[in-house]
Amino acid sequence: MLTSALLVALVMFLVKTADHTLGQPLIERPLICGALVGLVLGDLQQGIIIGASLELIFLGTITIGGSVPADLAVGSVLATAFTILTHAEPAVAVALALPISLLAVFVYQVLKLVYTALVEKYDALLEEGRDRAALGLTLGMTFFYGIPFALIAFFGILFGTDVIRSLVESIPPTVMRGMTAVGGILPALGFAILLKALWNRNIAAFFFIGFAMAAYLQLPIMGIAIIAGSVAVYLCFNEFNQLKTNRQAATTAATPASADDKDGFFND
């Protein structure tokens with residue numbers, strides 16, 4: 001269990017550090033976190049399945065500024081690790097990820113308070129001309145960010161896996177079926193949150209087309225995604241060509257007008 005705890009802690013440190021050092025490369029998304037945890041724990045397939053399930057739930061969850069509705073990385077890493085180590089169903093990961101991600105937000109807020117308090121120290125170093133010390137403080141703050149979350153992952157896996165295993169084993173079959181049903185409903189909630197932000201009457205038809213393809217034509221999700229991606233690429237190129245044509249037309253229309261203005265100037 002010690003090795004598993006160390007590996008999960010390493011994954012947690014990497015995803016949290018990458019989020020703040022590489023310009024948010026989306027490594028903290030549940031799909032990537034689940035795959036990484038599954039890889040280090042020796043069950044990549046299950047990690048991808050769990051990560052995909054959690055991704056559907058958190059699809060519309062976006063961090064904007066200081067507003068953090070849920071810590072996706074912490075919830076995804078710990079939920080995936082607990083589920084794989086206890087050999088539980090993906091529905092258990094769904095049940096664990098939501099409260100863990102919400103509790104991790106408090107750790108995030110505490111860290112932000114500490115970092116904000118260090119801003120005065122940083123400004124003082126710059127005013128004193130101690131650029132090297134200011135750079136060291138910046139690098140230290142950057143790489144320290146992932147350590148508290150890595151410690152949470154390490155001790156959580158080391159001491160909490162047996163608790164989670166006993167909890168999962170004590171769940172009655174009826175409750176487990178209910179959790180499975182809820183796990184199937186929550187992705188719809190994730191899509192609803194995303195649609196609330198993206199809904200536009202110009203693209204509403206595509207939503208219903210995709211629904212009809214899945215519900216009535218029984219096309220797989222991957223097939224629908226390929227078709228949707230192809231349509232999106234076509235629309236992008238079509239709009240780009242239209243803009244290019246309009247720009248050329250505007251340039252052509254403006255050239256004679258400028259020539260006429262010059263002729264009029266010299267005629268005067």
Side-chain angles (χ1 to χ4, degrees), residues 1-16 18-19 25-61 70-104 146 149-150 152-191 214 220-225:
M1 191 58 65
L2 179 61
T3 302
S4 299
L6 287 173
L7 292 174
V8 174
L10 177 61
V11 171
M12 182 73 79
F13 178 80
L14 291 176
V15 297
K16 295 300 292 185
D19 185 29
L26 300 181
I27 297 177
E28 76 280 4
R29 296 301 304 184
L31 183 60
I32 305 301
C33 290
L36 291 176
V37 173
L39 179 64
V40 299
L41 294 182
D43 196 345
L44 178 60
Q45 181 178 357
Q46 186 71 354
I48 294 175
I49 292 174
I50 296 172
S53 302
L54 297 179
E55 186 68 53
L56 292 175
I57 297 171
F58 293 118
L59 193 61
T61 303
D71 195 314
L72 308 184
V74 177
S76 302
V77 169
L78 289 179
T80 304
F82 283 136
T83 304
I84 292 177
L85 291 174
T86 59
H87 305 287
E89 296 294 327
V92 175
V94 174
L96 292 174
L98 293 175
I100 291 175
S101 61
L102 293 176
L103 290 173
F149 298 101
I152 292 173
F154 175 77
F155 290 110
I157 298 300
L158 187 62
F159 299 110
T161 302
D162 292 335
V163 177
I164 297 297
R165 180 183 292 110
S166 61
L167 179 63
V168 171
E169 292 175 353
S170 65
I171 296 177
T174 303
V175 177
M176 183 60 70
R177 286 195 295 270
M179 292 174 61
T180 304
V182 172
I185 295 173
L186 286 176
L189 177 61
F191 275 102
I221 297 297
M222 184 59 68
I224 297 175

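Residue numbers count from 1 along this sequence.
- Within the 4.5 Å cutoff, side-chain heavy atoms of Ile84 are placed close to those of Ile50.
- Once rounded to the nearest 0.5 Å, the distance linking CG of Leu41 with CD1 of Ile157 reads 7.5 Å.
- Qualifying ring pair (Phe, Tyr, Trp, His ring centres under 6.0 Å) partners for Phe149, counting only residues two or more places apart in sequence or in other chains: Tyr145.
- The only option from Ile152, Leu78, Asp71 that meets the side-chain contact (heavy atoms from CB on, under 4.5 Å) definition with Ile100 turns out to be Leu78.
- Rounding to the nearest 0.5 angstrom, the gap separating the CE atom in Met12 from the CG atom in Leu14 is 11.0 Å.
- Remark: Ile32 pairs with Ile27, Leu36 by the side-chain contact (heavy atoms from CB on, under 4.5 Å) rule, at least two apart or across chains.
- The minimum heavy-atom distance linking Gly146 with Phe13 is given by the pair C-CD1, 3.6 Å.
- Ion pairing between Glu28 and Lys16 fails under the 4.0 Å rule for side-chain N and carboxylate O.
- Between Asp43 atom CG and His87 atom NE2 the span is 9.0 Å, to the nearest 0.5 Å.
- Atom OG of Ser76 is separated from atom CZ of Arg29 by 8.0 Å, given to the nearest 0.5 angstrom.
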Subject >> Val8 vs Phe154, side chain to side chain contact (heavy atoms under 4.5 Å, CB included): CA-CA, chis, key distance, verdict >> reply: CA-CA 7 Å; Val8 174; Phe154 175 77; over 6 Å; no

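- Partner of Val11 under the side-chain contact (heavy atoms from CB on, under 4.5 Å) criterion, chosen from Val37, Leu39, Thr80: Val37.
- Once rounded to the nearest 0.5 Å, the distance linking SG of Cys33 with CG of Leu72 reads 8.0 Å.
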